[in-house]
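Just the heavy atoms: all of them, side chains too, but no hydrogens, waters or symmetry mates, feed the values below. None of these values were measured; they are calculated from a predicted model.
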Amino acid sequence: MPIYFIDTICPKGHIELNKKIIALMPNKFRKVVINSNGYYNFREIKDASFINMNLINFKSRMLTIFFTQFFNYLKIRFVIKDDVNQIKVFTTFENVSFIFAVLLFKKSKKVVFHHDNVDYLRIKYNRFFFKMYMNRISHFVFADFIKERLIEIGVDEKKVFVIQHPIPANETKISESPNENLYIGLGHASDNRIIKEIVAYENSTKILSQNRIKLILRSNEFVFKSEVITIINKHLSNKEYNDLYLRAKGVFMFYPKTFEYRFSGAMLDAFRNKKNVIGTNIPIIKYFNKLYPEMCLYFNTIPELFELLITEQKDNTDCFNLFLYRHSDILIKNEFERIMKTI
């Protein structure tokens, strides 16, 4: 049975994940990859054939999304058949315009991978279109709480499958002797309100200075430098980023409250590199705190955050090994094998 891997959005940050998904899907399928505008390097993906196509680049404005995605799905439909004996796997999708894929591939079995899609379902028109097709497709999510939210919205429980997020193939950056006093928060989605409150609290308490703890944070609103806090807004080269990662004891995840029903690739990267994570009190952080309490901590207030920073943290080796086991290729491959039999 042929299985087609389709991505009409082609996020740059999803290339490694998509390659892993393709590689770990059961080899009993004849794998065919729709390669939009050279998104994939076909030499890096074995056991798959490619169909090269020029699709319209994804735009952020809703009206533009609607028409460009319709064109993209229509163009793909002209190239590949709609057959009951085929599976179409959409590694990324947009809630509203995906109705076109459902209509154009009525016969085929359809599978989608959720990223930030569930968060956008709080928007009425997103939810309206999603509900038109949600039980006509199968859903892969990367965490139980995301599955629970889909079921609350009305998706049939039998249509939602939890799969562990594969670990990227790139080399792990583990330091034998990280700087015990350095914490970094270099994500682009950080809540600037929290960063400002950290600066203000340190100015009034001097807790970081007294404990010789240094922070390097990224903000998209301002820059700042003191003896213990450095706030940047520039792009970091891979070397600069890796050097900071090697030196850091822990990684901050200052996600806003709107970051609710989605997975975090940055968290995965931190765990993969054996770094402790300290984050805001949101579902993804609390979810991993339950799974890996020595590696993932959360705070409700800035004083609580500072208390975590000055408290000696437990050894995270056992959690780290458990994380690597649960996210290992062999377990994920076996799960795909089991799940795909039921679709």
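A side-chain contact (heavy atoms from CB on, under 4.5 Å) with K75 holds for exactly one of N54, T8, I56; it is N54. Exactly one residue among Y298, F145, F142, Y261 makes a side-chain contact (heavy atoms from CB on, under 4.5 Å) with I284. That residue is F145.
Distance CG/L217 to OG/S190: 7.5 Å, rounded to 0.5 Å. With rounding to the nearest 0.5 angstrom, the CD1 atom of I51 is 10.5 Å from the CG atom of N35. Residue F113 holds its CZ atom at 8.0 Å from CZ of F5, rounded to the nearest 0.5 Å. Interatomic distance, I302 CD1 to E197 CD, rounded to the nearest 0.5 Å: 5.0 Å. In this structure, CZ in F252 is found 9.5 Å from CD1 in I184, a value given to the nearest 0.5 Å. The distance from the CG atom of L236 to the OH atom of Y241 is 9.0 Å, given to the nearest 0.5 Å.
Scanning all heavy atoms of the two residues, the minimum distance from K110 to A101 falls at CD-O, 4.2 Å. What you find for S209 and E227 is that their closest heavy atoms are OG-OE1, 4.4 Å. Nearest approach of P26 to M340, heavy atoms of both residues: CD-CG, 4.2 Å. In plain terms, the two heavy atoms of I231 and S219 that are nearest each other are CG2-CB, 3.6 Å. Nearest heavy atom pair, residue A270 against residue V277, reads CB-CG2, 3.6 Å. In terms of heavy-atom proximity, L291 sits nearest to R326 at CD2-NH1, 3.7 Å.
Taking the six-membered ring for Trp, H327 and H165 have ring centres at least 6.0 Å apart. With ring centers used as reference points, F70 lies 6.0 Å or more from Y73. Ring-centre distance between F299 and F306: not below the 6.0 Å cut-off. Between F100 and F66, the ring centre distance stays below 6.0 Å.
Here the side chains of Y183 and I213 are in contact, with some heavy-atom distance below 4.5 Å. Counting only heavy atoms from C-beta outward, the side chains of D329 and K20 approach each other to under 4.5 Å. With a 4.5 Å cut-off on side-chain heavy atoms, C319 and P293 count as touching. With a 4.5 Å cut-off on side-chain heavy atoms, M53 and I34 count as touching. Side-chain contact between E337 and M25: absent, with no pair of heavy atoms (C-beta onward) separated by less than 4.5 Å. Counting heavy atoms from C-beta outward, I167 and F323 have side chains that approach closer than 4.5 Å. Within the 4.5 Å cutoff, the side chain of F93 has heavy atoms near those of the H114 side chain. Between K249 and L182 there is no side-chain heavy-atom pair separated by less than 4.5 Å.
The hydrophobic cluster containing V223 does not contain I232, counting ILVMFWY residues as joined when their side-chain heavy atoms lie under 4.5 angstrom apart, directly or transitively. I339 and L331 fall into different hydrophobic clusters, defined by Ile, Leu, Val, Met, Phe, Trp and Tyr side-chain heavy atoms under 4.5 Å apart, directly or through other members. By the criterion of side-chain heavy atoms lying less than 4.5 angstrom apart, applied directly or through intervening Ile, Leu, Val, Met, Phe, Trp or Tyr residues, F50 is grouped together with V79 in one hydrophobic cluster. V96 and I123 fall within the same hydrophobic cluster, where Ile, Leu, Val, Met, Phe, Trp and Tyr residues are linked whenever their side-chain heavy atoms come under 4.5 Å apart, directly or through other members. Under the 4.5 Å side-chain heavy-atom criterion for ILVMFWY residues, no single connected hydrophobic cluster contains both V84 and V32.
A salt bridge does not link D83 with K107: none of the charged nitrogens is closer than 4.0 Å to a carboxylate oxygen. Between D191 and R193 a salt bridge is recorded (basic side-chain N to carboxylate O distance below 4.0 Å). A salt bridge links R122 to E260: one of the charged nitrogens lies within less than 4.0 Å of a carboxylate oxygen. Under a 4.0 Å N-O distance rule, the pair D269/R272 qualifies as a salt bridge. Using a cut-off of 4.0 Å between Lys/Arg side-chain N and Asp/Glu carboxylate O, R247 and D243 are scored as not salt-bridged. Under the 4.0 Å criterion applied to side-chain N and carboxylate O atoms, K196 and E221 are assigned as salt-bridge partners.
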### Message
Please determine whether side chain to side chain contact (heavy atoms under 4.5 Å, CB included) holds for the pair Q86 and M1, giving the CA-CA distance in whole Å, both sets of side-chain angles, and the decisive distance to 0.1 Å.
### Response
CA-CA 6 Å; Q86 294 180 356; M1 177 186 291; 5.6 Å; no
### Message
Does N117 form a side chain to side chain contact (heavy atoms under 4.5 Å, CB included) with R262? I'd like the steps, not just the answer.
### Response
CA-CA 8 Å; N117 301 80; R262 65 179 88 174; over 6 Å; no
### Task
Report the C-alpha distance between T258 and D119 in whole Å, list the side-chain angles of each, state the deciding distance to 0.1 Å, and finish with yes or no for side chain to side chain contact (heavy atoms under 4.5 Å, CB included).
CA-CA 7 Å; T258 53; D119 268 350; 5.9 Å; no
### Task
Show your working on ring-ring contact (aromatic ring centres under 6.0 Å, His included) between F90 and F98 and close with a plain yes or no.
CA-CA 10 Å; F90 298 85; F98 193 70; 4.8 Å; yes
### Test log, rule side chain to side chain contact (heavy atoms under 4.5 Å, CB included), inputs N281 and K286
CA-CA 7 Å; N281 185 2; K286 294 171 74 175; 2.7 Å; yes
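For the residue pair N27 / K31, a side-chain donor-acceptor distance below 3.5 Å is found, with atom types taken as modelled. Side-chain contact annotation: K159 with S138, donor-acceptor N/O pair under 3.5 Å absent. For the residue pair N220 / N233, no side-chain donor-acceptor distance below 3.5 Å is found, with atom types taken as modelled.
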